[in-house]
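I have placed the structure first, in the form of structure tokens, so that the comments after it can refer back to it.
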Amino acid sequence: KDMMRNASRWQEAFVPGATAMRLSFNSLTDEDVAEVCQALRDNTDVTELDLSHNQIKDAGVQALAAALAAGAAPNLRDLRLYSNEFGDLGQTVLTQGLPVFRKKLEIHWKEPSWAHTVRAVKTESEMKTADAMD
């Protein structure tokens, strides 16, 4: 965890005045979300929060939703949480709970359709390469 916290993307996300916190692909867990929530508490600058492609479970989603519902990051407009490990509870919090409190917040909890297309093309390309090697 210390290595991740010393990484430049982690540090950049927490710089005062930053409008975007881009923390995707950082292996973040529910424990890390607590630290993110703390940083969002009095943050009026951040408008974008990307926590996609991590290991956040239902408890982390609940903690984040509770912080945002309580007024953290009031100017946040874009939240990305897709490709994490939350289940039905986390999905319900993101689709039915949080939108009640943050009507202007765009919540991306499902992986975008274009990502599936890229993955399919990549897989097809890999299969063709394997066939050519035979």
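Just the heavy atoms: all of them, side chains too, but no hydrogens, waters or symmetry mates, feed the values below. Along the sequence shown, residues carry numbers from 1.
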Has [X] got a side-chain atom pairing as donor or acceptor with [Y]'s backbone, closer than 3.5 angstrom?
{"X": "D30", "Y": "K57", "value": "yes"}
{"X": "N75", "Y": "D45", "value": "no"}
{"X": "N54", "Y": "S27", "value": "yes"}
{"X": "R102", "Y": "L68", "value": "yes"}
{"X": "N26", "Y": "L28", "value": "no"}

[Y] side chain reached by [X] side chain, heavy atoms, under 4.5 Å:
{"X": "F86", "Y": "L81", "value": "yes"}
{"X": "W109", "Y": "N84", "value": "no"}
{"X": "P74", "Y": "T44", "value": "yes"}
{"X": "M21", "Y": "W10", "value": "no"}
{"X": "L23", "Y": "L51", "value": "yes"}

Could you pull out the closest heavy-atom pair between [X] and [Y], with the gap in Å?
{"X": "A65", "Y": "V93", "value": "CB-CG1, 3.3 Å"}
{"X": "C37", "Y": "L64", "value": "SG-CA, 3.6 Å"}
{"X": "Q55", "Y": "E85", "value": "CG-OE2, 3.5 Å"}
{"X": "L94", "Y": "V61", "value": "CG-CG1, 3.6 Å"}

Quiz prompt | Check against side chain to side chain contact (heavy atoms under 4.5 Å, CB included), V46 and T19 | solution = CA-CA 4 Å; V46 71; T19 59; 5.9 Å; no
Practice problem: Let me know which of E111, E106, E48 forms a side chain to side chain contact (heavy atoms under 4.5 Å, CB included) with R80. | Solution: E48
Quiz item: Picking from N43, V36, L105, what satisfies side chain to side chain contact (heavy atoms under 4.5 Å, CB included) with L49?
Solution: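 Among N43, V36, L105, the one that satisfies the side chain to side chain contact (heavy atoms under 4.5 Å, CB included) with L49 is V36.
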Exercise. Would you give the length of the straight line joining atom CG of D50 to atom CG of L79, rounded to the nearest 0.5 angstrom?
Key: 8.5 Å
Self-check item: Check: H108/D78 side-chain N/O donor and acceptor closer than 3.5 Å
Solution: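 Yes, D78 and H108 have a side-chain donor paired with an acceptor closer than 3.5 Å.
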Quiz item: Does E12 pair with R22 as a salt bridge, N-O distance under 4.0 Å?
Solution: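 Not counted as a salt bridge, because no side-chain N and carboxylate O are separated by less than 4.0 Å.
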Exercise. Give the ring-plane orientation class for H53 versus Y82, where under 30° counts as parallel, over 60° as perpendicular and anything between as tilted.
Key: perpendicular
